[in-house]
Amino acid sequence: MMTVLIAGAVALVLSLLGTPLFIRLLVKKNYGQFIREDGPTAHFTKRGTPTMGGVVIISATVLGYVIANLVTGRLPNASGLLLLYLMVGLGVIGFLDDYIKISKERSLGLNPKGKIIGQALIGISWAVLALQFPNENNRTPASTHVSFIRDTGIDLAWAGMGLGLVLFVLWANFLITAWSNAVNLTDGLDGLATGTSMLVFGAYTAITIWQANQSCQFLAAPGPECYEVRDPRDLAIVTAAIVGACFGFLWWNTSPAQIFMGDTGSLALGGALAGLSILTRTEVLAAIIGGLFVIIVMSDVIQIGFFKATGKRVFRMAPLHHHFELKGWGEVTIVVRFWIIAALFVMAGVGLFYAEWVASAA
């Protein structure tokens with residue numbers, strides 16, 4: 001538990017103190033955000049605000065994890081390292097996207113093909129690695145089973161491990177793409193994606209600590225209520241570091257934002273959430289815990305699909321938070337109310353997680 005607390009605290013301090021230094025660097029180099037012309041007119045005042053703040057979130061998370069392990073003399077495990085690999089890898093793609101926007105002075109960065117190829121390379125390599133590294137109890141970081149709160153009876157390897165690996169890679173990459181795009185779409189108002197991420201990863205910190213205390217690998221008499229997650233304590237350290245990093249960054253990202261996380265941060269956080277859902281065997285539960293992200297991405301899907309089918313729009317503008325902007329809601333009002341919705345989803349997800357454990361232990 002001490003390692004978890006140190007990781008969160010170190011990441012918080014690094015993010016809180018490091019963000020203004022990074023802002024000065026970006027301002028000095030004139031690295032500011034470009035605003036899409038078809039967006040809400042109120043956003044034009046944000047033109048030139050430093051972006052790529054995700055660099056701070058990623059750096060604080062990695063350093064928080066490393067320093068916490070060094071201070072406590074603990075060796076890192078495969079699951080934590082894999083989660084950081086996915087987070088950093090997608091963050092690099094986001095960084096390239098942000099840098100192209102800035103250097104080319106346009107609101108569009110990497111072309112769609114380049115972005116898809118980059119995400120695929122990271123996602124495929126991560127999925128293959130996640131099924132490797134069995135520990136002394138023969139448990140690998142990921143499982144070929146589709147999971148809800150635990151692994152279900154749906155095994156992607158039912159027709160043989162060769163096909164199972166392909167199906168798992170496809171499933172993992174679907175989740176990685178879906179979650180990274182969901183967080184990316186949510187990052188449209190000051191502090192919205194940062195605050196929501198803080199709540200979601202905070203929930204996962206509690207879940208992974210609980211899984212560590214109820215691990216089938218360490219209980220003297222494991223029962224049906226124990227968890228088969230390979231390295232839950234390691235995952236708790238990473239999630240605590242992410243929470244601390246987001247907490248510190250939010251100080252500078254809240255309205256009016258002095259810096260944006262950019263695609264660097266949103267892709268990294270979305271990838272981390274996808275990887276975490278797979279490694280904790282909570283792939284479906286994650287859609288409840290991160291319910292606000294799901295609602296926002298679905299609003300975009302509905303808007304595009306309905307417009308293509310009928311030529312009409314369901315919302316004044318998608319994603320959903322822009323709809324309320326155009327209805328006249330203040331930015332802070334939208335963000336706070338969406339945080340409340342996110343918190344309700346988080347409480348529902350954690351409550352369901354605990355209720356399932358109680359039912360299993362009964």
Side-chain angles (χ1 to χ4, degrees), residues 54 83 86-87 90 94 119 123 146-150 152 154 170-189 191-208 239 242-243 246 261 263 265-308 313-325 329 334-356:
L83 188 57
L86 183 59
M87 182 180 187
L90 290 180
Q119 287 179 318
V146 176
S147 60
F148 177 29
I149 295 176
R150 306 169 191 269
T152 67
I154 303 174
L170 293 174
W171 171 239
N173 276 265
F174 166 74
L175 293 175
I176 292 168
T177 302
W179 281 116
S180 58
N181 287 334
V183 178
N184 185 250
L185 287 171
T186 305
D187 185 35
L189 298 180
L192 179 56
T194 308
T196 304
S197 296
M198 195 168 64
L199 291 168
V200 170
F201 285 103
Y204 264 108
T205 302
I207 286 173
T208 48
T239 55
I242 294 175
V243 172
C246 288
M261 71 166 66
D263 284 9
S266 60
L267 293 186
L269 290 172
L273 180 53
L276 194 59
S277 73
I278 295 170
L279 298 177
T280 57
R281 314 293 201 266
T282 57
E283 294 158 359
V284 177
L285 182 66
I288 299 173
I289 295 175
L292 180 67
F293 291 135
V294 175
I295 287 175
I296 287 177
V297 76
M298 287 306 300
S299 72
D300 206 50
V301 172
I302 290 170
Q303 181 86 325
I304 294 171
F306 195 80
F307 183 78
K308 286 184 176 180
R313 292 178 172 86
V314 177
F315 308 105
R316 295 189 181 186
M317 185 178 180
L320 188 61
H321 41 276
H322 294 321
H323 167 79
F324 289 106
E325 273 193 292
W329 289 23
I334 298 170
V335 170
V336 172
R337 287 177 177 173
F338 275 40
W339 281 351
I340 293 171
I341 294 170
L344 291 173
F345 274 112
V346 164
M347 288 188 288
V350 173
L352 187 59
F353 175 84
Y354 181 67
E356 188 276 342

Least distance between heavy atoms, [X] atom then [Y] atom:
X	Y	value
Ile176	Ala274	CA-CB, 3.6 Å
His321	Leu185	CE1-O, 3.1 Å
Ile289	Gly349	CG1-CA, 3.8 Å
Gly191	Val335	C-CG1, 4.3 Å
Ala203	Val346	CB-CG1, 3.5 Å
Ser277	Ser147	O-OG, 4.2 Å

Side-chain contact test, heavy atoms from C-beta onward, threshold under 4.5 Å: evaluate it for [X] versus [Y] and give yes or no.
X	Y	value
Ser299	His323	no
Val294	Trp179	yes
Thr239	Ile207	no
Glu325	Ile334	yes
Phe201	Leu269	yes
Phe353	Ile288	no

> Would Arg150 and Glu356 satisfy side-chain contact (heavy atoms from CB on, under 4.5 Å), going step by step from the backbone distance to the final call?
Replying inline: CA-CA 10 Å; Arg150 306 169 191 269; Glu356 188 276 342; 2.8 Å; yes
> For Phe338 and Thr196, what are the C-alpha separation, side-chain angles and deciding distance, and is it a side-chain contact (heavy atoms from CB on, under 4.5 Å)?
Replying inline: CA-CA 8 Å; Phe338 275 40; Thr196 304; 5.8 Å; no
> Of all residues at least two apart in sequence or in a different chain, which pass the side-chain hydrogen bond (donor to acceptor under 3.5 Å, both in side chains) check with Asn184?
Replying inline: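 Partners of Asn184 under the side-chain hydrogen bond (donor to acceptor under 3.5 Å, both in side chains) test: Asp263, Ser266.
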> Is the side chain of Thr208 donor-acceptor paired with the backbone N or O of Thr205 at a distance under 3.5 Å, no angle test?
Replying inline: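 Yes; at least one donor-acceptor contact below 3.5 Å.
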> Would you say the side-chain atoms of Gln303 pair up with the backbone N or O of Arg313, donor to acceptor, closer than 3.5 Å?
Replying inline: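 Between the backbone of Arg313 and the side chain of Gln303 there is no qualifying donor-acceptor contact (under 3.5 Å).
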Quick one: pull up [atom1] in [X] and [atom2] in [Y] and give me the separation to the nearest 0.5 Å.
X	Y	atom1	atom2	value
Leu267	Asn181	CG	CG	7.5 Å
Tyr204	Ile242	OH	CD1	12.0 Å
Leu276	Thr282	CG	OG1	6.5 Å
Leu279	Leu86	CG	CG	8.5 Å
Leu352	Ile149	CG	CD1	4.0 Å
Asp187	Ile296	CG	CD1	10.0 Å

> If you look only at pairs with a residue in residues 266-292, which of them pass as a salt bridge (Lys or Arg N to Asp or Glu O under 4.0 Å), with sequence neighbours excluded?
Replying inline: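 Counting only pairs at least two positions apart or across chains, the salt bridge (Lys or Arg N to Asp or Glu O under 4.0 Å) contacts touching residues 266-292 are Asp151-Arg281.
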>> side-chain contact (heavy atoms from CB on, under 4.5 Å), that's the test. Do Phe293 and Leu273 meet it? Break it down for me.
In response: CA-CA 11 Å; Phe293 291 135; Leu273 180 53; 4.1 Å; yes
>> If you apply the rule side-chain contact (heavy atoms from CB on, under 4.5 Å), what do you find for Phe345 with Ile295, and how did you get there?
In response: CA-CA 11 Å; Phe345 274 112; Ile295 287 175; 3.5 Å; yes
